[in-house]
Amino acid sequence: MEETIRIRAVDKSDWSSVVEGFDIETIQDVLEVVGADGQKIGLLCETEDGNSYINGQPETAYISLQAAATALLKGKE
């Protein structure tokens with residue numbers, strides 16, 4: 001059986017405490033990825049310019065949330 005993940009939106013009031021290295025004004029959405037076991041796998045951050053990032057690391061941009069999520073999950077293996 002494959003592992004199931006859950007993705008939930010992080011409340012905007014919490015963005016500054018979970019995402020470092022970004023100007024909060026440029027962020028469009030922050031999502032928390034949780035595994036089937038309830039453990040946090042990581043964060044996905046989407047900026048207004050359309051780029052997506054893993055765990056709030058501005059060094060590596062992904063072209064979509066799907067690409068960032070795939071990279072996040074592959075890094076977990």
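Quantities reported herein were computed from a predicted structural model and do not represent experimental measurements. Residue numbers count from 1 along this sequence.
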Task: Side-chain donor or acceptor of Trp15 paired with backbone N/O of Val10 under 3.5 Å - done: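 Indeed, once roles are kept as given, a pair shorter than 3.5 Å links the two residues.
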
Single-linkage hydrophobic cluster, 4.5 Å side-chain cutoff, [X] and [Y] together:
| X | Y | result |
| --- | --- | --- |
| Leu72 | Ile7 | yes |
| Ile5 | Leu43 | no |
| Val30 | Ile54 | no |

- [ ] Would you please name every residue forming a side chain to side chain donor-acceptor pair (under 3.5 Å) with Ser13, sequence neighbours left out?
- [x]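 With sequence neighbours excluded, Ser13 shows a side chain to side chain donor-acceptor pair (under 3.5 Å) to Asp11, given in chain and number order.
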
Determine which pairs satisfy ring pair (Phe, Tyr, Trp, His ring centres under 6.0 Å) with at least one residue from [range], sequence neighbours left out, and list them in order.
| range | answer |
| --- | --- |
| residues 25-50 | none |
| residues 26-51 | none |
| residues 35-58 | Phe22-Tyr53 |

- [ ] To the nearest 0.5 angstrom, please state how far the CG atom of Leu44 sits from the OG atom of Ser52.
- [x]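 Result: 7.5 Å between the selected atoms.
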
Open item on the list: To the closest 0.5 Å, what do you measure between CD1 (Ile24) and OG1 (Thr47)?
Closed with: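 That separation rounds to 12.0 Å.
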
TODO: Step by step, work out the side chain to side chain contact (heavy atoms under 4.5 Å, CB included) result for Val34 and Ile41.
DONE: CA-CA 5 Å; Val34 178; Ile41 296 171; 6.0 Å; no

TODO: Considering only Ile, Leu, Val, Met, Phe, Trp and Tyr, and joining two whenever side-chain heavy atoms are under 4.5 Å apart, list the other residues clustered with Ile63.
DONE: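 Once heavy-atom contacts under 4.5 Å are chained together, Ile63 still belongs with nothing else.
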
TODO: Using ring pair (Phe, Tyr, Trp, His ring centres under 6.0 Å) as the criterion, list what pairs up with Tyr62, not counting sequence neighbours.
DONE: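 By the ring pair (Phe, Tyr, Trp, His ring centres under 6.0 Å) rule, Tyr62 matches no residue at all.
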
TODO: Hey, could you give me each pair passing side chain to side chain donor-acceptor pair (under 3.5 Å) that has a residue in residues 23-36? Not counting sequence neighbours.
DONE: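 Residue pairs passing side chain to side chain donor-acceptor pair (under 3.5 Å), neighbours aside: Arg8-Glu32.
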
- [ ] Would you please name every residue forming a side chain to side chain contact (heavy atoms under 4.5 Å, CB included) with Ser64, sequence neighbours left out?
- [x]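 By the side chain to side chain contact (heavy atoms under 4.5 Å, CB included) rule, Ser64 matches Gln66, Ala67.
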
